[in-house]
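Lettering follows sequence order; numbering is per chain, from 1.
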2 protein chains.
Amino acid sequence: MSRATLLLGAAVEDYLKSIYKLSLENERVTPKMVAAEQGVSLAAVSKMVKRLCEQKLVRYDRGEGIDLSPPGRKVALEIVRHHRLIEAYLCEALGYSWDEVDEEAEKLEHVISEEFEDRIDRLLGHPTHDPHGAPIPTKDGEVDHRDHPALSEFDSGRVVVQRVNDHDPAMLRYLGDCGLYPGVSVDVLGEEPFGGPIHIRVAGEEISIGKELATHVFVEVAEEGKK
Amino acid sequence: MSRATLLLGAAVEDYLKSIYKLSLENERVTPKMVAAEQGVSLAAVSKMVKRLCEQKLVRYDRGEGIDLSPPGRKVALEIVRHHRLIEAYLCEALGYSWDEVDEEAEKLEHVISEEFEDRIDRLLGHPTHDPHGAPIPTKDGEVDHRDHPALSEFDSGRVVVQRVNDHDPAMLRYLGDCGLYPGVSVDVLGEEPFGGPIHIRVAGEEISIGKELATHVFVEVAEEGKK
DNA sequence: CGAATAACTTAACCTTGGTTAAGTATAGAC
DNA sequence: GTCTATACTTAACCAAGGTTAAGTTATTCG
């Protein structure tokens, strides 16, 4: 069984991963979205989706969109688990900064063995989240599905950063400069009108960040009790 | 430049690596040897060799055999460096045993970035040899080329294990049981006639190992001076 | 309703890396 | 010197994964 999944090409794994990700953000996943996500032509997606259907990894209907089948979802989650574990490992064990890990993990995720997966998992103490705050699926395919509101939706109060968008290294570097890491408390002080910047306090420092940037930072209202 | 090498498929890298390895053990590298090493048909090698010639990565002449060009050699050594660094890393940092590392390194060697290579190299303190005693090429393609005589060629005296053959995990486990790791001193006590076993002392224990096995353990005469 | 546009599919083609089967070269035996 | 086994090459094919170009569906606009 794990035999079969190992024979899947890296491309197949990437498609399934993209479909999984897109299905979290949209309730209909279209070929066009997959093409954009994967950076390939629509024709390539069309052909691949047909193959994935034949292998029963997805179901597809022009009305319904593309849906992962249970086995397809399992593969996707396995790859996501690899990806996020590797990201965590690269940061913690090899001193990578959080804007460098995605690219490396993108390649490693397809080739590591279960042995490798287990060893880094154990070494890290079974981490639950990657360096950007994304949940790491468990080996049996469970994953914490809460999604948090964006920082851009708050105009006052104290929140705690839960996750940041991880796909633009430059943005990650900037967020790092701002100290906006998962787990960090942020006081939202106010916001300028007409899409203006949001004023926040992070680690005692008052800074302003663009509304657009704030849509990429996901937070949770801070628990009461600590100043 | 590193651009170009990154675009090489994993298969191309594997062929170059095989040709490199074979060129150390034979002064003529034939398509047949490459086919055996890579586990593919002779036809596949024929075709690939033609392509490698077009890309100026090897030269080929039926009389001369296959030879790496300077750029081909550079790619080969880069992959060998990756392979051996990864093996060392897996042992030292992730607790792999030396019989497990080859398989994992075989896949990782093609996908790691220069960043990854540099980080593990630094973390290990710029190791010069992999866990089996094979030399790790430097970044600029230099490699320690001494080859050591096999243990099977000795029938008395004290030697130090330098390197062991790394391709059979079961043999590696057995060698591990015998304590025959690189760096270990061995007293050769004698050998039975007609290809019989060799009697040795390792770490105080007297054991006998088959002649065949002894051809896979490469040693150096021990320096005088320490009992 | 019909036409324009966006989304998708199909077809024809490319490259990489493999296969088997059939043909050619070459070296050694006689 | 020819015969034959071994080594090698070529040809025809396959599958994965991509491309562009040319249809086809569907939706939306007027």
**OP:** Give the ring-plane orientation class for B:Trp98 versus B:His132, where under 30° counts as parallel, over 60° as perpendicular and anything between as tilted.
**Re:** parallel
Whole-Å gap separating [atom2] ([N]) and [atom1] ([X]):
X        : N      : atom1 : atom2 : result
B:His110 : C:dT16 : NE2   : C1'   : 15 Å
A:Arg28  : C:dA6  : CZ    : C1'   : 12 Å
B:Gln38  : C:dG17 : CD    : P     : 11 Å
A:Met33  : C:dC8  : CE    : C1'   : 15 Å
A:Lys32  : C:dA6  : NZ    : P     : 9 Å

Original post:
OP1 or OP2 of C:dT19 less than 4.0 angstrom from a side-chain nitrogen or oxygen of B:Ser41, does that happen here?
Top reply: yes
Polar contact flag, side-chain donor to acceptor under 3.5 angstrom, [X]-[Y]:
X        : Y        : answer
B:Gln38  : B:Tyr15  : no
A:His83  : A:Asp102 : yes
B:His82  : B:Glu109 : no
B:Glu106 : B:His110 : no

Original post:
Nearest to the side chain of A:Val40, which nucleotide is it out of D:dG18, C:dG18, D:dC8?
Top reply: D:dG18
Subject >> Among C:dA25, C:dG17, D:dG17, the one nearest B:Ala11 by side-chain distance >> reply: C:dG17
Does [X] reach the main-chain N or O of [Y] with its side chain, forming a donor-acceptor pair under 3.5 Å?
X        : Y        : result
A:Arg73  : A:Tyr20  : no
B:Asp168 : B:Ala170 : yes
B:Arg28  : B:Gly63  : yes
B:Asp121 : B:Glu117 : no

Original post:
So how far off straight is the helix from C:dC1-D:dG30 to C:dC30-D:dG1, going by the axes through five pairs at either end, to 10°?
Top reply: 20°
Subject >> Within residues 42-60 of chain A, residues whose heavy atoms come under 4.0 Å of DNA chain C >> reply: A:Leu42, A:Ala43, A:Ser46, A:Lys50, A:Tyr60
